[in-house]
Amino acid sequence: VQYRTIQGWMIDGDDDDDDQLHHQMTGTQEQQHVAAQKPQQSRALRGDSDEHAIMKGRRQKGKQEHNRHQMKQHQKPQGGQRGGGKPSPANKDEQKVKRKQKDGSSLQKEKDHENKKARDVPDIHTPRAESLQANATFSACLLIRDDNDILPEWIAYHYHVLKLRQIIVAVDPLSLESPSEIFAKWRLMTNMDIAEWTDKNYMPGDFLKHNRPPKENMQKKEDFPDPDALLEVSNHRYRQRVFLAQCMNTFRQKGQSWVMHIDTDEFVVPSKLLRQMRPRYLTLPSMEEPNAVLTLLQQTVAKTSKQVNYPCMSMLRVLFGSVESTQEEQENDVPIQHFNSTSFETLRWRYHALPHDMKLHGNPKVLLDVAAIPQKYFQEDIVFSIHRPIKEYCHINTDLDFTHFRHQPIGINHYLGSWERYA
């Protein structure tokens with residue numbers, strides 16, 4: 001896969017804000033300068049005696065203390081308290097700062113809590129010997145909906161680079177097409193073990209009865225004001241988390257090791273920075289070699305298991321937008337004649353956003369060695385998050401950074417495809 005940067009995605013800062021801020025600061029300085037130049041009348045010119053000046057100073061001091069007291073009384077009431085009225089803009093800014101400090105404090109407390117829990121979790125950074133052997137294979141938990149047009153490429157790619165040999169696939173009930181015929185061909189041509197699940201295979205009885213998740217798993221109404229959209233999105237995200245929990249547990253019971261949960265528009269690749277920097281402790285295999293990404297994964301785990309956070313390794317995503325490559329670009333580096341490159345997502349879309357824009361690319365996905373994680377962490381009916389399924393072993397998403405390629409040596413190319421297909 002070739003990488004190019006979308007031109008024009010870097011937006012310059014707004015100079016108007018800088019000009020306005022400069023004007024405000026300049027105005028303030030000028031006012032201060034004028035005030036400083038005003039002549040101060042002496043006490044003698046005003047005809048004030050020393051005694052009168054002392055008494056006047058005391059009265060002024062008393063007024064100042066009274067004004068400070070009144071100001072405090074005015075600032076005290078907030079929210080539903082009496083007598084406060086609306087806080088001034090300055091007070092609002094001060095309250096925002098305090099809220100941010102409180103939020104930061106809460107986040108730090110949450111991290112401290114996570115770290116405390118982590119100390120109680122068995123340290124299993126030492127990789128399993130079986131997971132590093134040449135006969136190790138990969139498994140995938142795949143939840144799909146109307147993806148038949150891109151599914152064959154997804155299977156073929158990961159069959160080649162990851163040694164994907166086991167798939168548990170759940171078809172969304174809202175899907176209009178079935179992938180069974182595609183999977184039947186792969187079973188016939190290869191030694192792949194592909195199991196197709198419906199909701200009845202893994203969803204709780206209450207969900208099957210009422211077709212809605214528990215109240216605590218519903219999305220926020222303010223995010224989805226339309227009731228139908230709210231229910232559809234809530235069902236989908238709840239289904240994802242339940243499916244992943246049941247799928248990982250099933251693979252663990254079968255004795256499998258490497259498991260991933262990605263979508264059919266996501267392709268697992270070596271990190272772009274890793275390929276550019278080429279650290280000495282790694283031998284980067286050619287992508288033409290079978291099992292190239294699995295081999296790279298095993299190398300990094302064997303040499304830097306703690307650094308990559310084995311047994312739950314995050315894969316940062318890079319988003320490829322719907323800027324279609326030219327015919328010449330699509331056919332570039334395609335060695336086979338009469339090869340229809342337009343039928344392949346990885347050849348048709350070669351322009352991506354800036355890799356370090358974490359907010360744009362979304363949360364990462366993970367690779368797990370499920371056989372290395374104790375069984376008690378698979379007893380829940382639902383994972384913590386599809387981006388961090390086992391929170392005791394998986395990274396907090398905010399701790400990840402694209403530039404830390406040694407920590408996330410494996411990444412994901414995420415292809416949005418055409419606007420028609422995405423919409």
Side-chain angles (χ1 to χ4, degrees), residues 121-122 124 127-128 130-133 135-145 147 151 154-155 158-159 162-173 175 178-180 182-184 186-187 190-208 213-214 217 235-264 266 268 294 297 301 310-315 365-394:
V121 175
I124 50 176
R128 297 171 64 251
E130 296 85 350
S131 302
L132 303 180
Q133 292 177 356
N135 62 352
T137 61
F138 238 92
S139 305
C141 299
L142 186 64
L143 178 62
I144 62 176
R145 175 180 173 180
D147 291 335
L151 181 58
W154 185 90
I155 299 175
H158 292 103
Y159 182 91
L162 266 185
K163 205 174 182 180
L164 178 64
R165 297 297 183 267
Q166 298 82 217
I167 303 177
I168 295 178
V169 56
V171 181
D172 192 294
S175 185
S178 170
S180 297
I182 297 174
F183 289 128
W186 280 91
R187 292 190 192 98
T190 69
N191 60 344
M192 293 190 73
D193 178 10
I194 304 175
E196 298 180 58
W197 285 3
T198 65
D199 276 9
K200 293 181 180 179
N201 294 107
Y202 64 96
M203 293 301 289
D206 286 344
F207 180 85
L208 297 176
N217 297 117
N235 282 352
H236 174 68
R237 293 182 179 177
Y238 180 65
R239 181 179 285 108
Q240 283 182 313
R241 294 171 62 196
V242 174
F243 168 67
L244 183 53
Q246 302 304 320
C247 179
M248 289 194 306
N249 191 31
T250 300
F251 279 133
R252 191 185 187 284
Q253 296 296 335
K254 289 184 175 182
Q256 303 298 334
S257 54
W258 299 111
V259 175
M260 66 177 179
H261 172 248
I262 61 176
D263 299 325
T264 50
E266 297 174 332
V268 178
L294 174 59
L297 173 66
V301 168
Y310 175 89
C312 181
M313 291 146 287
S314 297
M315 298 182 291
K365 297 294 182 70
V366 296
L367 299 171
L368 299 103
D369 186 352
V370 295
I373 301 174
Q375 175 61 37
K376 69 177 184 177
Y377 297 105
F378 294 91
Q379 293 176 354
E380 298 291 337
D381 294 331
I382 184 171
V383 297
F384 177 71
S385 162
I386 63 170
H387 305 285
R388 190 186 170 202
I390 302 178
K391 62 181 179 179
E392 289 83 0
Y393 287 101
C394 301

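Note that these values count all heavy atoms, side chains included, but never hydrogens, waters or copies made by symmetry.
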Exercise. How many angstroms lie between CG in Leu297 and CE in Met260, if you round to the nearest 0.5 Å?
Worked result: 11.0 Å
Exercise. Is there a side-chain contact (heavy atoms from CB on, under 4.5 Å) between Phe207 and Asn235 once you walk through the steps?
Worked result: CA-CA 9 Å; Phe207 180 85; Asn235 282 352; 3.4 Å; yes
Problem set entry | Test item: Val301 and Pro311 side chains (from C-beta on) under 4.5 Å apart, heavy atoms | no
For this session: Taking Trp258 for its side chain and Ser131 for its backbone only, find out whether a donor-acceptor pair lies under 3.5 Å.
Result: yes
Problem set entry | Side chain to side chain, Cys312 and Ile390, heavy atoms closer than 4.5 Å | no
For this session: Under the side-chain contact (heavy atoms from CB on, under 4.5 Å) rule, what do Met203 and Thr198 come out as? Steps first, then yes or no, please.
Result: CA-CA 9 Å; Met203 293 301 289; Thr198 65; over 6 Å; no
Problem set entry | Closest non-hydrogen atom pair between Ile168 and Phe243, with its separation | O-CZ, 3.4 Å
Exercise. Do any pairs count as a salt bridge (Lys or Arg N to Asp or Glu O under 4.0 Å) and have a residue in residues 248-263, sequence neighbours left out, and if so which ones?
Worked result: Asp263-Lys365
Exercise. Could you state the interatomic distance from CE (Met248) to SG (Cys141), rounded to the nearest 0.5 Å?
Worked result: 7.0 Å
Seminar exercise, completed: Sequence neighbours excluded, the answer for side-chain contact (heavy atoms from CB on, under 4.5 Å) partners of Gln253 is Asn249, Gln375
Exercise. Quick one: salt bridge (Lys or Arg N to Asp or Glu O under 4.0 Å) partners of Arg165, sequence neighbours excluded?
Worked result: none
Problem set entry | Under 3.5 Å: donor-acceptor pair, side chain of Arg241, backbone of Val383 | yes
Problem set entry | side-chain contact (heavy atoms from CB on, under 4.5 Å) between Val242 and Asp381, worked out | CA-CA 6 Å; Val242 174; Asp381 294 331; 5.8 Å; no
For this session: State the OH-CD distance between Tyr202 and Gln246, to the nearest 0.5 angstrom.
Result: 10.0 Å
Exercise. For Cys247 and His261, what are the C-alpha separation, side-chain angles and deciding distance, and is it a side-chain contact (heavy atoms from CB on, under 4.5 Å)?
Worked result: CA-CA 9 Å; Cys247 179; His261 172 248; over 6 Å; no
Exercise. So, Ser175 versus Asp172: side-chain donor-acceptor pair below 3.5 Å or not?
Worked result: no
Problem set entry | Nearest-0.5 Å distance that lies between atom CG in Leu368 and atom CE in Met313 | 7.0 Å
For this session: Looking only at non-hydrogen atoms, find the nearest pair between Phe183 and Ile155 and report the distance.
Result: CE2-CD1, 3.8 Å
For this session: Using side-chain contact (heavy atoms from CB on, under 4.5 Å) as the criterion, list what pairs up with Thr190, not counting sequence neighbours.
Result: Tyr159, Trp186, Met192
Exercise. Any side-chain heavy atom of Asp206 sitting closer than 4.5 Å to one from Pro214?
Worked result: no
Exercise. Is Val268 close to Leu162 at the side-chain level, that is, under 4.5 Å between some pair of heavy atoms?
Worked result: yes
Seminar exercise, completed: The side-chain hydrogen bond (donor to acceptor under 3.5 Å, both in side chains) partners of Ser314 (sequence neighbours excluded) come to none
Exercise. Just by distance, do the side chain of Arg187 and the backbone of Ile194 share a donor-acceptor pair under 3.5 Å?
Worked result: yes
Exercise. Just wondering, do Tyr393 and Ile373 contact through their side chains at under 4.5 Å, heavy atoms?
Worked result: yes
Exercise. Would you find a donor on one side and an acceptor on the other, under 3.5 Å apart, between the side chain of Trp154 and the backbone of Glu266?
Worked result: yes
Problem set entry | Heavy-atom side-chain contact between Pro389 and Val366 under 4.5 Å | yes
For this session: Check whether any side-chain heavy atom of Val169 sits under 4.5 Å from a side-chain heavy atom of Ile144, and report yes or no.
Result: yes
Problem set entry | With sequence neighbours excluded, residues passing salt bridge (Lys or Arg N to Asp or Glu O under 4.0 Å) with Arg128 | Glu130, Asp369
Exercise. Does the side chain of Phe138 come within less than 4.5 Å of His158's, by heavy atoms?
Worked result: no
Seminar exercise, completed: Value for OH (Tyr310) from CD1 (Ile124), rounded to nearest 0.5 Å, stands at 7.0 Å
Exercise. How long is the gap from CD1 on Ile386 to CZ on Arg237, to the nearest 0.5 Å?
Worked result: 8.5 Å
